[in-house]
Each structure stands twice: as structure tokens, then as C-alpha cells.
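Numbers for residues simply follow the sequence, beginning at 1. Note: hydrogens, waters and symmetry copies are ignored here, and every other heavy atom, side chains too, is used. Note that the coordinates shown come from a computational prediction; the quantities given were computed from them, not determined experimentally.
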Amino acid sequence: MMNQWKKTGAFALAGMMLVAAVAIPSRAAIVATEEPVEGANVVIDRYCVEVAAGTLAAEASEALAGTDNTVTEAPQATAAPTAAPEQTGPNMNEDGHVELNLNYSCLGIANKVDTYLNVRKKPSKRGKIVGKMTKNSGCHVYNVKKGWAKIVSGDVKGYVKASYMTIDEEAEKLATKVGREVVEIQTDSLRVRALPTTDAPIYSIISSGEEFKIKESNLTLDFVKSIIKTEKISDEAIERAGGFANIEANMNQFVCIYVDDEYAFVAKEFVKEQYSLKRAVKVKTVHSSKKSGISSGQASIVEYAKQFLGNPYVWGGSSLTGGTDCSGFTMSLYAKYGHSLPHNAAAQAGVTRSVSSPKPGDLFFYSNGSRINHVAMYIGGGMVIHASNPTDGIKISTAYYRHPVKIGRVMN
């Protein structure tokens, strides 16, 4: 939630966080578009430790819950502040096919699965797994032979069991029901704003090529006010954004999107609005190796995490199968391996050691401008797995879909 803007002290904290840089990989330090920002990295170690120790009274005391004083996630939106805009659906392209975010002549949708469908290098159950398609992901189908479909989806090419898919014309009909309106980011390091104006506080920084679901593309002042009310955005934040007159003058240049399970705004100039199906993601098995410095424990926890791909997101939850939020997910994964982590993203950042070069099993922490509000686990190959939102559940993303403010290693 963006209720961090509710208190004046949040701005002082945000200012403190921007004073110096914590060591993270170079891509995370790329300056943002929408006027370059000097120093995209954020100092959060002190803040994280304070939350972990329970000394940041305003948020930590509200987050404490249960007889054992474990920390739970700060409240997040569970319902849209206003009725969702009517989905207009995709257009038809020149070839008479449904216009989507992927090229195809024969569409396939992996809808006959509970969570995900493995993409294999060869058309055999013994074939190496090269990717995964979560439920309702789309692909181009080259052909189907002996029950195996040869497909390409995103950057993944391989074979899937055809019986788990809907194909061709029926798939195009299905696409109009399971697809969604998204923006694709067209420039690297794009600033996301708490309100629809470049004068508003920076919510996050996101990367080129990433897709984010649209909440509303045709903004009205009433809609913006509903976001302000739901997210508890402070009067000071509104004043910093130039007031309602400035917001109304600029809001037609912005679109409201979901960033994980929260709302924020991006400039239309730097995004492409399109109708989207989820696509396959590349995965590879992580093995322990002295040469790579990956321990058996690091390899094991990553492979363990992958089996929960596609399972549901539930705010406040910690069940890997029945529903979990982001910190509940990482907490439960590490509990399996004998590590105790608090049920709060910022607190987890406070009890992990900062590293500059991530290894499988490390935790990536993301901020909404004044506090860490999301955590994901690194699985190697530039990817993370995380409990993202009620729509996507547990998913795999590029590690820099949002610029992390800290990479933390769980200490033995």
C-alpha cells in the first residue's frame, strides 16, 4: 500500500534513504527515464535493521501480531477502490487473428493445468525442462505429433503435452476471456509515480520490456481521488504533486497500473498498451558446485521453491500450497531449511546480509519509495520467484523487473 505517504515522517525517511548508495549490481543503478534521476540506488540497511528490531514504531508496532510477536505484512489492498474498468478486449490484426503480445499463426493456451506446464527440450517426459508456462499462458504452436506440441512462447522454445492446451480457433476465443490489458515498458529505468504527475513522489523504478497489468488508462479526477483514499496518500504528497489542479492537468498523460499488488502511475509516453497473455519463462536446474560457489543448500531451496509456481497469493498467508504473500513465501521456504525469518519484507531485509553479486537463494528486496514492500527469491539466470499478486499468484520474473534496493543473503 502507499499508506507510507500518510505521515509527514515518511518523506523525511525517503530523503534519508536517497543520501547514499548500497552496493547492488550495475543494472539496478541505471538512471530512470522521465528525466534522469541522480542515483537510483537507495540506502535502506539502517531502516531495515530498525524494522527488524522493532524500533521503527510507526510501522513495526502496527505490524506486530500474534502471541509470539512475529511480524506480519502491513495491510495491502484486497479490493479495487472503484469498479474495474470494462475490458474492451483485443483487436483483430490484418490476418484476422486476435491481436496479442506474441506472434502466432496457431495459438496455444496452457489452460488445462492447475498451476503450470513444463516445456521440455525433447518431446518426452524424460526431456530436460527448459521452461514453464503458468496457467493461461500463450504460445505459437508449430505442430502437434504423437501428443506433443512444438511451441515457442516468449524466449522459450520446446515441447509440451498437447492434452494440457487449447489450440487454434478455440484458443483465440479463450484468449478474449483469460487475457488482460497491460503496458509494456518501452524504456529502461522508468520512474513509477505515486500520483499521475512527474512532480509526485517516486514509487519505484521499472525495467524495459516488462509488462504490468492496467488498472485504468483513461484517468478521471474522481478515479485518482479514489486511489488516494484507498492508498491513504497524504495531503503533503498531494501538495508535493502540485495539488489537484496540477494532477488534473497532467493525468491524461499517465496510466494507472498494478505493481505487484499495489497501484501506481506511469507516463504513457514511455509505454505500449496492448492485450496480453502470460508467456513461458526460462528455467534451469540449479546444481551445487564449488566452481560456481553454489552450496547444496542454495541449490536445494531454489528447486524446492519452483514446485510452488502458480500457487495462489493470499495477503497475510504463509501456506506454500493454500496461499501466501511475498514474505510468507520466503519465510516458509527458509523454514523448511531450518532458518527463521520474520513475516515482513522490510524485517527480512534487516536480518539478511547485503551482497552485491547474487547467488541462488538470495533475497531481492523492492521499495515503494519510503519502505520495502516486496521480497522475492533469486533462482539464478537473472530470475526471481515470488508471490506477486492475487491475479498471478506465485510467479517467476526477471530479477530487475523493479530495481531492487537490497539483495540479502540469509545468514547461517
Side-chain angles (χ1 to χ4, degrees), residues 1-18 32 34-35 37 42 44 47 51 56-63 73-85 183 190-206 212-268 315 326 344-346 366-374 389 402-403 405:
M1 294 285 294
M2 285 186 277
N3 59 4
Q4 72 279 5
W5 305 115
K6 186 177 181 180
K7 299 177 181 178
T8 302
F11 289 99
L13 175 60
M16 178 274 291
M17 291 165 65
L18 288 165
E34 207 201 72
E35 305 295 336
V37 62
V42 181
I44 44 74
Y47 170 64
V51 173
L56 194 64
E59 286 203 38
S61 63
E62 292 177 2
E73 291 287 357
Q76 300 179 30
T78 57
T82 58
V183 294
L190 179 63
R191 292 178 179 182
V192 182
R193 299 284 178 169
L195 291 166
T197 166
T198 56
D199 299 310
I202 297 172
Y203 175 89
S204 189
I205 297 174
I206 55 182
F212 295 85
K213 185 180 176 182
I214 294 174
K215 167 61 183 171
E216 179 60 85
S217 58
N218 299 312
L219 303 183
T220 65
L221 191 57
D222 284 344
F223 173 83
V224 175
K225 287 181 177 179
S226 72
I227 296 292
I228 290 170
K229 181 179 179 180
T230 299
E231 304 290 8
K232 298 180 174 63
I233 298 175
S234 71
D235 291 341
E236 184 174 352
I238 297 169
E239 182 179 350
R240 181 178 169 185
F244 286 114
N246 189 51
I247 290 171
E248 186 171 23
N250 288 278
M251 65 186 183
N252 65 335
Q253 302 173 35
F254 285 78
V255 57
C256 182
I257 62 171
Y258 295 88
V259 181
D260 292 313
D261 63 347
E262 299 185 357
Y263 306 130
F265 299 86
V266 289
K268 291 181 177 181
W315 178 83
C326 65
N344 177 274
Y366 307 91
S367 169
N368 62 5
S370 71
R371 66 178 176 87
I372 286 175
N373 71 329
H374 196 68
N389 58 64
R402 296 167 65 180
H403 286 200
V405 293

What is the minimum heavy-atom distance between Ala200 and Ala194, and which atoms define it? CB-N, 4.5 Å

Spacing of OG belonging to Ser226 relative to CD belonging to Glu216, to within rounding of 0.5 Å: 9.5 Å

Kindly indicate, with the supporting measurements, whether the criterion side chain to side chain contact (heavy atoms under 4.5 Å, CB included) is fulfilled by Ser204 and Tyr366. CA-CA 8 Å; Ser204 189; Tyr366 307 91; 5.8 Å; no

Side chain to side chain, Ile206 and Phe212, heavy atoms closer than 4.5 Å: yes

Which atoms form the tightest heavy-atom contact between Tyr263 and Tyr203, and what is the distance? O-CE1, 4.4 Å

For the side chain of Glu231 and the backbone of Ile233, is there at least one donor-acceptor N/O pair under 3.5 Å apart? no

Separation between CG of Asn218 and CG of Asn252, rounded to the nearest 0.5 Å: 10.0 Å

Could you go through Met251 and Val224, starting from their C-alpha distance and side-chain angles, then the distance that decides it, and tell me whether this counts as side chain to side chain contact (heavy atoms under 4.5 Å, CB included)? CA-CA 9 Å; Met251 65 186 183; Val224 175; 4.3 Å; yes

What's the separation between atom OG1 in Thr220 and atom CD in Glu248, rounded to the nearest 0.5 Å? 9.5 Å

Kindly confirm or rule out a cation-pi arrangement of Lys213 over Tyr258, judged by NZ or CZ under 6.0 Å from the six-membered ring centre and within 45° of its axis? yes

Straight-line distance of Leu219 CG to Phe265 CZ, nearest 0.5 Å: 6.0 Å

Go through the steps to decide whether Ile205 and Leu190 satisfy the test side chain to side chain contact (heavy atoms under 4.5 Å, CB included), and finish with yes or no. CA-CA 5 Å; Ile205 297 174; Leu190 179 63; over 6 Å; no

Euclidean distance, Cys326 SG relative to Ile372 CD1, rounded to 0.5 Å: 10.5 Å

Determine whether a donor-acceptor pair (N or O, by modelled atom type, separation under 3.5 Å) exists between the side chain of Lys225 and the backbone of Phe244. no

Contact summary for Leu195 and Ala241, nearest pair of heavy atoms: CD1-CB, 3.9 Å

Please confirm whether the backbone N or O of Ile202 pairs with a side-chain atom of Arg191, one donor and one acceptor, at under 3.5 Å? no

Glu239 meets the side chain to side chain contact (heavy atoms under 4.5 Å, CB included) criterion, sequence neighbours left out, with none

Rounded at 0.5 Å granularity, tell me how far NE2 in His374 sits from OG in Ser367. 12.5 Å

Could you check if a side-chain atom of Pro201 sits within less than 4.5 angstrom of a side-chain atom of Arg240, using non-hydrogen atoms only? yes

Residues pairing under salt bridge (charged side-chain N to carboxylate O under 4.0 Å, His left out) where one sits in residues 251-260, two or more places apart or in two chains, turn out to be Asp260-Arg402

Set of residues satisfying side chain to side chain donor-acceptor pair (under 3.5 Å) with respect to Asn246, sequence neighbours excluded: Thr197, Asp199, Asn250

